[in-house]
Each structure stands twice: as C-alpha cells, then as structure tokens.
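Reckoned from all heavy atoms, side chains included, excluding hydrogens, waters and symmetry mates. A note on names: the letters A, B, ... follow the listed sequences, proteins ahead of strands, and every chain is numbered from 1. For clarity, every value in this text was computed on a predicted model and none was experimentally measured.
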Amino acid sequence: MKPDQQISRNALVWIIISMFTLVAPHAGRIPVWVLAVYIFAAIWRIMVFQGRWSFPGRWVKAGLIVSGFAGIYFSYGSLLGLEPTIALLLTAFALKLMELNQRKDGYVLLFLAYFICITEFLFSQELPVVVYSMLNVTLVTTALIAMHRPGEHQFNRKSIRLAAVMLLQALPLMVVLFFLFPRIGPLWSVPLKSHTAKTGVSDFMKPGDISRLGKSDEVAFRVQFEGEIPPQSELYWRGLVMSKLEDGAWRSLRYYDLPPDQRRPRPVQTDGDPLLYQVILEPTQQHWLYSLRYASSPSPGVLASADYVLFSPAELEDERLYKVQTWPGAILEPTLSDWRRELELSLPSTENPRTLALARQLRAEAEDPQAYVDMVLARFTREPFTYSLNPRLLPAENATDAFMFETLTGFCEHYAAAFVLMMRAAGVPARVVAGYQGGEVNPVNRTVLVHQFDAHAWAEVWLEGRGWVRVDPTAAVSPERIEWGLERALAMEGSFLRESPLSLIRYRSVAWVNTLRLRYDALTYRWQLWVIGFDRDQQFQLLNRVFDGISVRKFVLALIGTWILVLVPIAFSLLRGRSRPAESEIQRCYLLFCDKLARAGVIRAPGETPDQFSARAVRSLRSSSGQIERITRLYGELAYRGTSERRAGASASLTELRRLVRGFHPAQG
Amino acid sequence: MQIQALVDNAVAEIGKVLLGKEPQVRLALCCLFARGHLLIEDLPGMGKTTLSHALADVLGLSWKRVQFTSDLLPADILGVSVYNRNDASFSFHPGPIFTQLLLADEINRTTPRTQSALLEAMAESQVTVEGETRALPEPFFVIATQNPIHQSGTYPLPESQLDRFLMRLQLGYPHAHAEREMFMRRQSASSERVVLQQRINLEQLQLIREEVGAVHASDNLLDYLQRLVAYSRTAAEIAVGFSPRGALALLDCARTWAVIQNRGHVVPEDLQMVLPAVASHRLVPSGDFAGDGMALVELMRRNVDVIRA
C-alpha cells in the first residue's frame, strides 16, 4: 500500500471522535449494546493501529454482521420501522470501523457519517440539534481533511480550522438552497416512529394520567396571538372531548364509533370578530390539535370533529404550525340530537352507588340544571377537598365513591370525572374535556408558552338554550390553579416539579435564569416559525412574491444564478490567493517593470535572473537600455543586499525604484 | 579584491596542466572552500586525476593517493595495528587516510564495504579502528574520482553516500582550441612533469572561510532557494528531491561562490551557477523521465521563477 493511502494516527483519531459524537444524540434511542459495539470497534481498530491485533477475518466479520442483525431484531422485535433501521445503520457504521484499512474505506465511512448526521433530523429539528449537527459536520469534514494529510503521526488540530473555513464558505449556498430547493413531497414514505413514546394528553383518561403530565416541564405548544392575549382564566386549550366511561376510564369517541350522520360538526353561528392566533405544537405522535373554543382553522390538513375539537388526520411526528380563529361566545349545539343526548347521559348504573344517590338527592333539591350545577360546585367548595399532585391511591371498584366521601384529595381529573358523573346521574348531559389550561406569557416575544404541567381536565355540561357550557370543578376547589397556574396551586404541598431538580422553570424566581430561559424560548419560537415552518406553501408564496410568478425556467435560472454568484467570488479569491502569495513592495515594483517590458515584446522567462533578463531586454530595446539597467541594478540592491551593505536610506531607494518604474515607458520594438 | 585575485591566481596555475576547464576548476575550488568533499565523474582519460593532483598542489596540502580496486579492504585505507615483537604490543600504523587531502581514485571500483569505510570518515572527520577513535587532520578533504556508473566493473555509490559529496563535477571533452593547444604542448615541451606552485596557504583558506560566514542571503534569495527545493520535491519528473542537507549544501556553495565573485551578498546567479554541481548527483529522476540529473537541473533552472512564486 502506498503511504498516502494509509490512515494516519491523526486521521484515525478524528474519525473515531466524529463517530462517537455522531452516535451520542442517538444514545437514548438505541439499545445500550450498540454503544458497546462502538467501544469494541474503536478498541479493535486502535489495537490494529498499534500492530497488536490484525484486521478481523472473513468469518469474524460475517459473525459480527449476523449478530448485529440478530441483536436489533431481539431489541426491537422487528427490523422494520425507523428506530430499528437507524440502530442497524449505526451498528453497521461502528463495524465498518474495523474494516478501515485504506483511504477508500475512509471515504465509505465518512460519507456514511454525513448521512448519519442527517438521520438525527428525523427525530428533531430543534435549534440545538441543528447547532450540534453543524459541529458534527465540522468534525467529519475535519476527519476527511486529516485523511488527506498522510504521515501526521501526532494528533493535531490543524485540519479543524480548514474544515471550519470550508463550511463557512458553504454557508451562503446552504441558505440559498434552503430558500430555493424544491420541497419535494415524500418520494418514499418514512417509516413510522413506532417506538417513540407518545407525549401529551392521551385519548383516554384514568385517574393519575394528568397528574403524571403535571410532573413534566416540557413545552407542549407555543401560541402567538394577533392582538391582546386573553386572561389566564380564559385560556382553556381544548384537546379532547371524552364522552364515554368504560371500565373506570373516560375515553373519546373514535371516528367509527359515531353514526355517519353525526360525524361532521354541526354548523355554529358566529358573530363579531374572532380571536386570531397561531399555534406551533411540539410532536406528540397523536392526532389532536389544541385550541380555544369555538375554533376553526384555515390551515390545510386541519379538520374539526363532531365535538368541535381540531385534529390532524396524520400523526404529528414533527412540529406542526396551524392558524386558528376563535369565537369565544359562540353557542355550541343549541339543540342536542337524540343520539348525542343518550351518549352524554349514559352511565354504568351499578358503580359508585353513594355518588349516584347524592346526585339524585341534590337534583331533587335544585330547581333547574343550572342551579344543580351551582349546588354541586358549592359542595366542592364547602367540603374539605384538597388539590394535590400526589393523591392517595383509589380502589379499583367504586373509585368515585372513595374520592367523594373518603380521601377528598385529587388532581383535576378526579374532580372533572366526579363532576361529570354527578351530572349524568342527575340527567344533565355532561362530558370530560382534556387539554391544557393557562400558559406562561413570554414577555420577550409575547407568545404564550404552554407546558406539559399545564395539562388539565374539566367538564362541559349541556344546558337548554346555552348549548355546551364549560364548568371547571377544579376552580371551585383551587381557584389559584386557574388564576395563577399550577405552581401557586401546589405551593403548600411543595410538589411542583419536585422530580426534576434541574428544570429551569424551578428557578423562575432567579431573575437572570428566567430571562435567559424566556429569551431562549423566544429564539426557539422564531426558529420553529421561520425554519421548520418554511414548508412548500410558504416557499411557494415567497418565491411567487419575489419572482412574480414561478416557472421552472425562472426557478432553475435563479438556482444556478445564485450558485454562480456565490461560487465565482470564492473561486476567484482562491485563484488569486493561489498564484500570488504575499509579495513585497519591491517585488511588485519589479513585476510591474516586467509587465511593461512584456508589453514592449520582451517577456521574462521564469528561470531568468534579473541580470540575465536585463541583458536580453537591453539587446532588443537599445533606446531604453539606461533605464533598464538602472532599474535592474536598483532592484538587485534592494532585493538581495544585506542591510549592512546597503547604503543609508534604503526606503528612499524603494521610492526611487517606484518612481523609475512608473516613469519607464519602453519604446515598442 | 584580495580573494578574487587569490582565486584567479590559483585557477591560472591549474590552467597550466588542465586546459580550457576554468569553470570546473573554479567550482572545485568553491567546493573545497565550502569545506566539502568533491566527486569528479567522467570517462577514463578526461583529466580527473590531473585536476585532483593540481588542486592538491595549488592548495599546498599534504596529500595521499589511494587507487581503489575491487580487492581493496577498509584496513588499506584506515590503517592496521601491527604486533611489535620487541615490546610485545600492538602499534597502530595509520593508513593513507591520515592526510589533509585524500585522492580517492576510481572510488566506484571498490566494494561497498571499503567505500563505506571511507565515507564514514568523510562525514565524521574521524576514524574508528579497533575500538579507538582517531581524529583526522584539519583540514580534511576527499577528492574522489569515479567512472560513469554504467561502466563495467563498478559498484555504484548509493544515494545516501553521494549526498556526502558537496559537489559532483563532470569535466567533459576539451574545446577544440584547448585540445589543439594540448597537442602543441606535447610536441614542444620536455617530457618532465610540470610542478605547480602553492597559491593558497592555510591562513588564506581560513580567511576565505571567514568571508563566507559574513555573506548575506536576503529573504528574496531564500525564497528562491525554497522554491527550487520545493520544486525538486514536487515535480513529477523528480523521484527524490533535495534533502535538507542538500538544500543547505546549495546555500553554502552559493555563499562561497559569492565570495569568489567578490560580493558580500548572494544573487540568484550564484545559486544557478552552483546548482548543476550541487544538485545533479542528488536528484533521482522518476521512472518515466528519460534524462539524467543534469537534465533535471536544467528543468529546475528553467521552471522555477526567480522573482516570485
């Protein structure tokens, strides 16, 4: 093997470093043993480099490949799907290191590395991921450069500078491509992230589900209002309407649970100007979209269900931006269909006998449904109910009875579920609504930040003439929760984010931490809006505006044109830099003199010394011989004489040289 | 002025026995002034031995001559310890290498083993015989002659040993008029050998060396030198370019040449002048290049820009 085909120590170190930084962000998603494969492969390759071991033989390699496949299969139960495929790719990437022998193997490895860098974006396109990926690309490029510098026997950082410069040069092209490159629809379908956990509110609710969310400080979504932000207590983000009680859990209706004529939402009469806002929802792997009531959305791909919540037919695997119009005062379903009424009143009659008896007793005392609602709420306020993130466990049988008469502590889902139960028992149509309540206003960019701990459940009751009315029993028990948010409501208990000691939100009271957190979140919002949200429609609108109508010709011309605009200056500066390293003033003067002679027909050969050239020039340009000889002599003195030899006033003779060369005009021929 | 006159005198003196070879004689002197060993390569009968003898005479150095043959052994050059029966001990009998100027005739006729014994002495200025290190006289020069390597019965010197010689000179056939004069002299002159006068003594040699130390090489010139060296390493025609030692040799010779020209600084002409003698035996042409070292030197001289990169 030629020495320049070998992988030097420096290149090997960079390759191994970049492999580990590439696999790092995937670490939480892949089985632990894949990381062990990386360490194993790196150790083996280092041993080969030190000459202690040899490259693995054919049978060893075959064995490793088979066990890699088997390992992935047993870890995921399948070889298909996004996560197993990527784990397989990462395993192959690690094993390829053990085959890294010559430069051509290095190419395979490093080009694969670029591809692996992209795979991270299948999971997240957040700003930190992008920054980290740029770091990765720099490292991989550094390894690529280091591979082309054979014989570097010590680890060094020379290549990283060059890699950074190269990527900076590529930056303008990246921006151009971002704006111009066609957003091609999926040519192949990306396998579903079947192994990623669903986040946020789920489509059924058992006691304890929402309090589990209450312990997470992740952002659920961000909202930007056009105009005033409504008060905290009005921000009820509806996500799911749960009308069915089954086996002690509330769940929403699936599309095919509804009879065909009930599948579309009833038209709603809207008056006045709507609230306008747009929501950027973090990926949830679920379908529903959050909005205030009553909402309709002009964004494509957003549908409304029969119970007036928005949903997306496709699972939300990436951030999703949608615009919403809301009429808070609109009346929902002023008349209730028989099917609907039956559904919203249905109740398992054998469970929770004490609660049902209480409901019937209270309903008999009340004049009308509205009075009954007030009475039940008053009971929640009067009795010593407490609001807690960690309520006592309820028995599986007659759970609501136990809550209402024994434990008296619960989170919002307990109150909502008990309230709806009492309504239905008394013949008032009612249902549970799950979503988020409240949100933090970021003063930096006036967005409303809704966290997972803002998850909430409340109730809707149907009243004659008023349609569906929101009733929040939690507000009766703990008004702080609605007015000020979860942190205040749990101040006594001290359980707010107790299990995430590192969460920045816990340190809200430290001013600079809070400012930093809110500024960063504003940046994230901008990133999501302008970079992630720049989809095909946005691109189409922008280009249409800029180019005044889009045609394939214009598009291709613009693409090529910008490339030329960016690349030509870079190429030109490279060309200049290559041919002329720093020239001294003396050299410049002399070269100008040579140029003038060249125009007069005497061209300097590269190997000619000044004296030889001067002699030749004098022979063909006799009339200028004096000038030529004087300039040559002066140049010889300036360029080659030592300072001790040179006469005093060397700078004066440089000016003299400049003057002589400027005044030199050789006669043609 | 003094040095130039000295050198002119010496050249004129050598001209008495070697006609029409003034440039080579000057280069040979330059090599010795720069404390380098000299290799003269040419066909038999071209005046190699004559030149080396003349140089020794003109410099007035004590010299010894070794004719290298295929059966010559290292001990024949370095010396041997001989058992002395009277006091029952070994006494060292120094070989011909213990001299100021060693004329190694036809160095490539002997075996590599003997060659390397000589070349070690050239590099270290000392010899080690039977575990005892002995210093060589000061100054110590080697003027070696060799036949072109494609002649039969030769052991070519490897590149590493060629590198030890500061210069390699080729004499070539004399010019027509020099040759005619040679014929004329043979007719007229008596058969006795011409004895040359010493023209440069040791103090003057020392003086020249001091002058060389004071010669200035400007940045512009060093740039040119570096371009030459870099070209020799990167050009496709050259398989092995200048070693750092070779590059230093080039600079030393150019500085010495500047002194011989009575100049206090080096100019590009000095480099170009010594380049063939310093470079031609150091450069190895790559496989698909048809020319020899001299052709490579010409390539370098033509292609490397004197003024700018």
Item checked: Donor-acceptor pair, side chain of A:Q587 and main chain of B:N220, under 3.5 angstrom ->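 No, the answer is negative, given that no donor and acceptor are paired below the 3.5 Å cut-off.
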
Verify the neighbour count for atom [atom1] of [X]: are there more than 12 heavy atoms of other residues, nucleotides or ligands below 6.0 Å?
X      : atom1 : result
A:H148 : NE2   : yes
B:Y173 : OH    : no
A:R161 : CZ    : no
A:R662 : CZ    : no

Notebook entry, point to check: Quick one: are A:R604 and B:I307 in side-chain contact, heavy atoms under 4.5 Å?
Noted result: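 Side-chain contact under 4.5 Å: yes.
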
Note to self: Against A:R641, only a single residue in B:R263, B:H265, B:H216 fulfils side chain to side chain contact (heavy atoms under 4.5 Å, CB included); can you say which?
What the structure shows: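 In the set B:R263, B:H265, B:H216, the residue that makes a side chain to side chain contact (heavy atoms under 4.5 Å, CB included) with A:R641 is B:H265.
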
Next item on the list: Locate the shortest heavy-atom distance separating B:V306 from A:P610; write the atom from each residue and the value.
Entry: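 That closest heavy-atom pairing would be CG1-CD, 4.1 Å.
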
Next item on the list: For B:S218 and A:A639, work out which heavy atoms get closest and say how close.
Entry: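 So the two residues come closest at OG-O, 2.6 Å.
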
Margin query: What part of A:E608 gets within 4.5 angstrom of chain B, counting heavy atoms only: side chain, backbone, both, or neither?
Written below: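 Contact with chain B: backbone only.
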
Next item on the list: Side chain from CB out, backbone as N, CA, C, O: work out which of these in A:Y635 comes under 4.5 Å of a heavy atom of chain B, or both, or neither.
Entry: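 Side chain only.
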
Check: What distance separates B:D305 CG from A:L591 CG, expressed to the nearest 0.5 Å?
Finding: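 Those atoms lie 8.0 Å apart.
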
Item checked: Nearest-0.5 Å distance that lies between atom CG in B:D219 and atom OH in A:Y640 ->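 Rounded to the nearest 0.5 Å, the CG-OH separation comes to 11.5 Å.
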
Next item on the list: May I ask you to name which of B:M300, B:E269, B:R302 has the most heavy-atom pairs under 4.5 Å with chain A?
Entry: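 Most heavy-atom pairs under 4.5 Å with chain A: B:E269.
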
Check: For A:F664, what residues pass the ring pair (Phe, Tyr, Trp, His ring centres under 6.0 Å) criterion, not counting sequence neighbours?
Finding: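 Here the qualifying residues are A:F593.
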
